[in-house]
Amino acid sequence: MSSLNGMEPNSYFIRTFGCQMNVHDSEHIAGLLEESGYSRASTPDKAEIIVFNTCSVRQSAEDRVWGNLSALRAGRASPIVAVCGCMAERYGNKIIERSQVVDIVFGLDTLKRLPELIHRSRNGSVCDLGDKNEATLDEVPSVHGRRLSAWVPVSYGCDNCCSFCVVPSVKGKERSRSPDAIIDEIKSLVGNGVIEVTLLGQNVNSYGRDLSPAMSFAEILRSVASVQRIRRVKFETSNPRDLTDDILEVMDQRPEVCEHLHLPVQSGSDRILEAMNRGHDRLYYIEKVRKARETIKDLVISTDIIVGFPGESEQDFRDTLDLVEAVGFDSAFIFKYSPRDGTPAARMKNEVNDQAKSERFLRLSKLQDQKTLQSLRRLLGRNVELMVEGPSRKGDYVVGRTRGNQVVLLPALDADADSLVMAKVQAVGRHAARGDVVEVLHAKCSSRSSGG
Ligand code: SAM
């Protein structure tokens with residue numbers, strides 16, 4: 001049903017920017033709106049309510065949101081526009097002033113009041129962020145995008161003080177969910193057909209230190225892996241400082257826990273690691289990787305690396321190239337350093353100019369592409385278990401993920417989205433392999449949604 005101006009009454013559209021945590025939070029925004037009588041708009045331009053769930057980690061992410069908001073101003077009859085996520089926590093009311101189209105700014109803590117905020121916004125813009133240090137989504141319903149896989153946060157916020165990072169200031173102090181809440185949620189998900197969960201935390205391995213009695217990530221990981229009928233357990237993001245041996249042991253001992261670590265290193269230079277306040281040096285990192293590989297067979301390691309951090313010399317950058325060569329990451333996300341107001345690094349002298357950042361980005365990407373290709377080649381001719389996520393960008397393939405999070409493309413006609421298959425890897429490209437389905441291990445069940 002469409003109203004005169006083309007909008008579908010009581011319909012919503014959510015645009016999510018940034019990390020998996022935001023993707024997960026958006027599932028709760030959808031859940032809450034649907035519980036309050038809204039339904040997903042058939043196309044974004046027909047939505048009565050548009051929610052932007054934003055990211056502030058780099059300037060480019062913020063620029064995309066400002067660009068989207070300007071496009072709305074230039075466009076059509078006005079929907080209700082709401083902004084949440086990192087930019088909301090960072091700028092609050094200023095978003096309403098600057099954009100001139102935003103009706104609601106809300107925080108993770110006030111998400112549960114979103115229907116009331118929508119109502120209030122009909123009389124003028126509202127900004128209600130609540131307390132980011134208290135926010136959890138335990139009581140908020142959610143709608144899951146996929147049927148066999150689900151994201152499950154074990155903690156919110158971050159207590160690290162990496163000098164480049166805006167996350168602690170926008171996501172608040174680290175709060176661990178109770179083990180009961182986590183296990184109950186996972187049992188409920190499994191009851192609805194989920195067989196793969198990814199445990200989320202900004203620093204997932206420091207889970208449980210704030211609980212009373214304290215609990216370790218290794219313990220919650222073991223408990224999650226013990227939930228009946230769960231087949232794959234993944235987690236991210238690991239901080240090298242908190243990746244303890246007992247976590248590696250659980251990964252080795254429990255077949256449900258996948259052989260993957262996302263272990264950001266950020267730089268290969270001791271000088272830069274210190275300026276980043278990462279709390280470890282390069283030897284510590286290399287030793288951690290050695291121990292992890294020694295403990296876990298077929299371990300796949302991905303990482304994050306920042307190039308052009310303030311003061312990064314050519315020699316510092318070569319130390320990073322050297323570390324990437326030595327470790328042989330299976331894949332890496334490479335970022336150009338982006339100064340974030342309010343962080344210690346933004347006040348540092350010796351900024352690296354854009355040209356040098358771009359040049360280092362290209363050199364490092366070229367090296368990592370070779371490493372990724374080498375890693376994918378090791379899959380050639382092997383049978384691998386894949387969770388099929390959905391169509392590839394071009395649509396002629398579907399995207400499957402190995403237990404190590406590597407991408408294997410399958411002919412679209414051979415595998416359904418939301419299925420677990422065994423496939424034989426036939427070829428490898430620069431960023432993904434290509435395979436053929438050998439056996440369907442698990443097909444999707446009926447649709448579901450669950451309480452928070
Ligand atoms: N909490 C996680 C962690 O510590 O790895 C994720 C943080 S962030 C969402 C993901 C990645 O973005 C970081 O690992 C880092 O490589 C990159 N990043 C964070 N701040 C950045 C900045 N100011 N400029 C460029 N990249 C940045």
Side-chain angles (χ1 to χ4, degrees), residues 16-25 53-64 85-87 89-90 151 153-176 198-207 217 234-243 260-269 272-273 275-280 285 288 301-312 317 320 323-324 329 331-348 351-352 354 356-358 360-361 364-365 368 405:
T16 307
F17 300 80
C19 62
Q20 276 78 8
M21 195 65 109
N22 276 10
V23 174
H24 166 267
D25 293 351
N53 189 0
T54 61
C55 169
S56 282
V57 169
R58 282 167 292 279
Q59 187 58 41
S60 52
E62 291 195 359
D63 291 344
R64 272 199 297 281
C86 297
M87 285 175 72
E89 309 282 359
R90 194 160 143 85
W151 310 105
V154 296
S155 58
Y156 301 101
C158 184
D159 283 349
N160 283 342
C161 304
C162 303
S163 63
F164 52 82
C165 190
V166 81
V167 167
S169 73
V170 291
K171 299 282 191 194
K173 67 178 168 47
E174 187 170 283
R175 290 99 61 205
S176 301
T198 303
L199 308 179
L200 294 178
Q202 296 294 341
N203 182 5
V204 74
N205 297 158
S206 63
Y207 169 80
F217 181 70
K234 297 180 169 185
F235 58 89
E236 64 183 66
T237 295
S238 292
N239 183 302
R241 260 188 329 184
D242 298 306
L243 182 65
H260 175 237
L261 281 174
H262 184 59
L263 193 64
V265 65
Q266 313 297 1
S267 170
S269 152
I272 297 298
L273 284 170
M276 288 176 162
N277 200 26
R278 291 287 289 174
H280 65 81
Y285 186 92
K288 212 27 94 179
I301 302 182
S302 54
T303 197
D304 293 344
I305 301 174
I306 297 176
V307 296
F309 185 82
E312 184 190 72
F317 175 66
T320 298
L323 179 127
V324 167
F329 293 108
S331 67
F333 296 97
I334 300 168
F335 307 106
K336 293 188 221 172
Y337 169 70
S338 168
R340 309 281 61 215
D341 268 356
T343 60
R347 296 189 291 277
M348 289 178 188
E351 238 193 88
V352 175
D354 275 346
K357 278 185 201 169
S358 299
R360 287 175 191 175
F361 178 89
L364 184 55
S365 301
Q368 181 53 47
N405 232 28

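For the numbers below, each heavy atom of this structure counts, side chains included, while hydrogens, waters and symmetry mates do not. Both counts, for ligands and for their atoms, begin at 1 and track the order of listing. Residues take their numbers from the sequence shown, with the count starting at 1.
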(request) Mark yes or no for whether S176, through its side chain, and S155, through its backbone, hold a donor-acceptor pair below 3.5 Å. (result) no
(request) Without swapping roles, check the side chain of S163 against the backbone of P344 for a donor-acceptor pair under 3.5 Å. (result) no
Please tabulate, line by line, the atom pairs linking an N/O of ligand 1 to a protein N/O at a distance below 3.5 Å, with the distance in Å to 0.1, or answer 'none'.
unit_1: ligand 1; atom_1: 1 (N); unit_2: Q202; atom_2: O; d: 2.8
unit_1: ligand 1; atom_1: 1 (N); unit_2: Q202; atom_2: OE1; d: 3.1
unit_1: ligand 1; atom_1: 12 (O); unit_2: R58; atom_2: NH1; d: 3.0
unit_1: ligand 1; atom_1: 14 (O); unit_2: Q266; atom_2: NE2; d: 2.9
unit_1: ligand 1; atom_1: 14 (O); unit_2: D304; atom_2: OD2; d: 2.6
unit_1: ligand 1; atom_1: 16 (O); unit_2: Q266; atom_2: OE1; d: 2.7
unit_1: ligand 1; atom_1: 18 (N); unit_2: R58; atom_2: NH1; d: 3.4
unit_1: ligand 1; atom_1: 23 (N); unit_2: F164; atom_2: O; d: 3.1
unit_1: ligand 1; atom_1: 23 (N); unit_2: S338; atom_2: O; d: 2.8
unit_1: ligand 1; atom_1: 24 (N); unit_2: S338; atom_2: N; d: 2.9
unit_1: ligand 1; atom_1: 26 (N); unit_2: R58; atom_2: NH1; d: 3.3

(request) Find out whether the Lys NZ or Arg CZ of R58 is both under 6.0 angstrom from the six-membered ring centre of F335 and within 45° of the ring's axis. (result) yes
(message) Test of understanding: with side chain to side chain contact (heavy atoms under 4.5 Å, CB included), list the residues that count as partners of N239, not counting sequence neighbours.
(response) N160, N203, R241, D242, R278
(request) Return each pair, listed once, that meets salt bridge (Lys or Arg N to Asp or Glu O under 4.0 Å) where at least one residue sits in residues 331-345; pairs must be two or more places apart or across chains. (result) E62-R340
(request) Go through the structure and list residues passing side chain to side chain donor-acceptor pair (under 3.5 Å) with R360, not counting sequence neighbours. (result) E312
